[in-house]
Asks: 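I have a structure here, written as structure tokens, and I will follow up with some questions on it.
Below, read A as the first sequence line, B as the second, and so on, with proteins coming before strands; counting in each chain starts at 1.
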Amino acid sequence: MPVFALVDCNNFYASCEKLFNPRLKDRPVVVLSNNDGCVVARSAEVKALGIPMGVPWFKIQEEAKRHGIVAFSSNYALYADLSNRVVDVLSGFAPNLEVYSIDESFLELSGLPLPEGGLVAYGAGIRQRIADWLGLAVCVGIAPTKTLAKLANHCAKKGLAGADGVCDFTALTRDELTALFERIAVGEVWGVGRKIDARLAAMGIRTVRQLRDADPETIRFRFSVVLERTVRELRGISCIDLEEVVPDRQQIMVSRSFGHLVTDLDELEEAVASYIARAAEKLRSQNSLAGAVQAYVRTNIFKPEVPQYQRGVTVPLPEATADTRILSGWARRILRRIYRPGFGYHKAGVMLLDLRPAGNRQFSLLDGQGGAGDARSDKLMAVLDGINQRYGRGSLRLAAEGVDRSWRMRRGNLSPGYTTDWMGLAVVRAG
DNA sequence: TCTGGGGTCCTAGGACCC
DNA sequence: TCTGGGGTCCTAGGACCC
């Protein structure tokens with residue numbers, strides 16, 4: 001029988017911000033989404049105030065002021081770096097590990113030599129080491145399926161089933177599990193979102209226990225094979241394997257809301273050019289080529305009172321490529337086709353589709369020889385990526401991406417790159 | 001004034017094939 | 001009453017996750 005652990009960092013982004021700023025200890029801290037739009041992470045103090053996840057920041061200004069909430073813009077460089085360190089520590093605990101998201105990893109624990117105290121002690125050891133070495137708090141859920149491990153993690157966080165940061169379902173009897181599942185809302189289950197929650201409620205299924213004991217065939221018929229699999233996983237039958245190798249992306253998207261409304265085609269072109277450059281960089285980092293490009297623009301959908309317009313177009317490319325110059329040309333061509341003057345644009349995006357490994361390049365019947373041209377392009381892109389890796393993203397870019405770039409997103413309170421930038425090192429003053 | 005940015009998978013339906 | 005029987009591929013839309 002497999003044993004999975006799900007290790008999840010508590011209030012991850014907010015914890016990262018507190019880590020290098022001791023003055024923030026015990027203070028309410030939130031981290032905002034791009035453009036300082038919504039609250040995407042809350043410290044324990046903020047959760048205690050009842051401020052919900054995802055609320056637009058501007059809507060809680062007064063409350064924030066009243067409680068002295070400190071808000072940070074998203075500092076992904078910092079969070080990604082700390083996330084890598086967490087994974088480094090975890091890989092010392094289990095050879096088989098899946099990095100599920102920036103703050104969660106699944107570990108396969110079956111067959112490992114366990115300390116006295118068994119799996120719970122093992123989980124406690126993980127918690128202790130991450131606290132000691134990184135200063136971050138994590139919770140650990142342990143169970144025979146990934147869905148149950150997620151649920152056990154929820155219990156660990158809420159202190160259910162007597163858990164203190166670690167919850168091990170394999171140590172509970174069937175009756176104890178049933179009693180526990182009776183107290184947990186079905187919406188907490190991995191794979192049950194808002195819509196399915198509502199439909200389940202209409203069928204009278206409100207608790208985890210009820211979903212576990214529902215008939216899998218009926219669930220498949222009324223919903224899908226996905227939710228049927230969830231039911232089986234809740235019963236302890238492992239249906240979802242550990243995915244240790246990250247599969248190549250099938251599509252790559254880059255989109256941003258603008259710092260202010262954009263009306264000008266020139267400005268939109270700059271934005272689209274810089275998004276496609278970033279997308280192409282991601283494309284090359286997984287060693288793929290794109291066979292199609294999409295670009296889209298839209299006005300502010302939150303303001304129905306202003307004239308609305310949105311449009312996106314996808315074009316298949318004559319020959320798959322990872323060359324920023326070519327992709328940029330197509331994206332801007334699309335943009336010029338879909339652009340309508342007289343609107344205030346709020347957001348634009350690009351997508352690379354029909355991705356394939358760079359190894360099996362298909363040459364165009366008409367002119368592609370796959371010879372000198374492609375080799376020169378590969379070399380040039382390698383130089384571009386090398387320079388940007390060394391000197392920072394965007395150090396070397398196409399002129400089309402613009403210079404002052406006034407459309408860029410707002411990041412009103414960005415913390416330093418404490419671990420990724422020499423100039424961002426934390427300073428300790430004596431006395 | 002101010003409302004994120006990525007991804008995946010599944011299903012249904014239509015076009016088309018023999 | 002009966003109206004062939006398989007398939008594939010593509011797209012759009014909807015659900016989910018963090």
Asks: Is the distance from the ring center of A:Tyr122 to that of A:Phe93 below 6.0 Å?
Replies: yes

Asks: Salt-bridge test for A:Glu267 and A:Arg405: reply yes if a basic N is under 4.0 Å from a carboxylate O, no otherwise.
Replies: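 Looking at A:Glu267 and A:Arg405, the cut-off is not met.
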
Asks: May I have the list of side-chain donor-acceptor pairs in residues 123-136 of chain A shorter than 3.5 Å, sequence neighbours left out?
Replies:
unit_1	atom_1	unit_2	atom_2	d
A:Arg127	NH1	A:Val138	O	2.5
A:Gln128	NE2	A:Asp132	OD1	3.1

Asks: Find out whether A:Gln310 and A:Tyr296 are in side-chain contact, i.e. whether some heavy atom of one side chain is under 4.5 Å from a heavy atom of the other.
Replies: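 Result no, sub-4.5 Å side-chain heavy-atom pair not found.
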
Asks: Would you kindly give the CZ-to-P distance between A:Phe221 and B:dT11, to the nearest whole Å?
Replies: 13 Å

Asks: Is the A:Phe20 ring parallel, tilted or perpendicular to the A:Tyr418 ring (thresholds 30°, 60°)?
Replies: parallel

Asks: Please confirm whether the shortest side-chain N or O distance from A:Gln250 to OP1 or OP2 of B:dC9 is below 4.0 Å.
Replies: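 Answer is yes, contact under 4.0 Å.
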
Asks: Check whether any side-chain nitrogen or oxygen of A:Lys282 sits under 4.0 Å from OP1 or OP2 of B:dG6, and answer yes or no.
Replies: yes

Asks: A:Ile252 near the nucleic acid: base, sugar-phosphate alone, or nothing, with a heavy-atom cut-off under 4.0 Å?
Replies: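 Sugar-phosphate, backbone atoms only, no base.
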
Asks: On DNA chain B, does the nearest nucleotide to A:Gly37 precede the nearest nucleotide to A:Met351 from the 5' side, or the other way round? Give the residue.
Replies: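 In this pair, the answer is A:Gly37.
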
Asks: Find every protein N or O atom lying less than 3.5 Å from an N or O atom of nucleotides 13-15 of chain C, and list the pairs.
Replies:
unit_1	atom_1	unit_2	atom_2	d
C:dA15	OP2	A:Lys195	NZ	3.2

Asks: To the nearest Å, how far apart are A:Leu353 CG and C:dA12 P?
Replies: 11 Å

Asks: Counting only side-chain N and O atoms of A:Arg229, is one of them less than 4.0 Å from OP1 or OP2 of B:dC9?
Replies: no

Asks: Would you indicate what A:Val225 reaches in the nucleic acid, counting non-hydrogen atoms under 4.0 angstrom: base, sugar-phosphate, or nothing?
Replies: sugar-phosphate

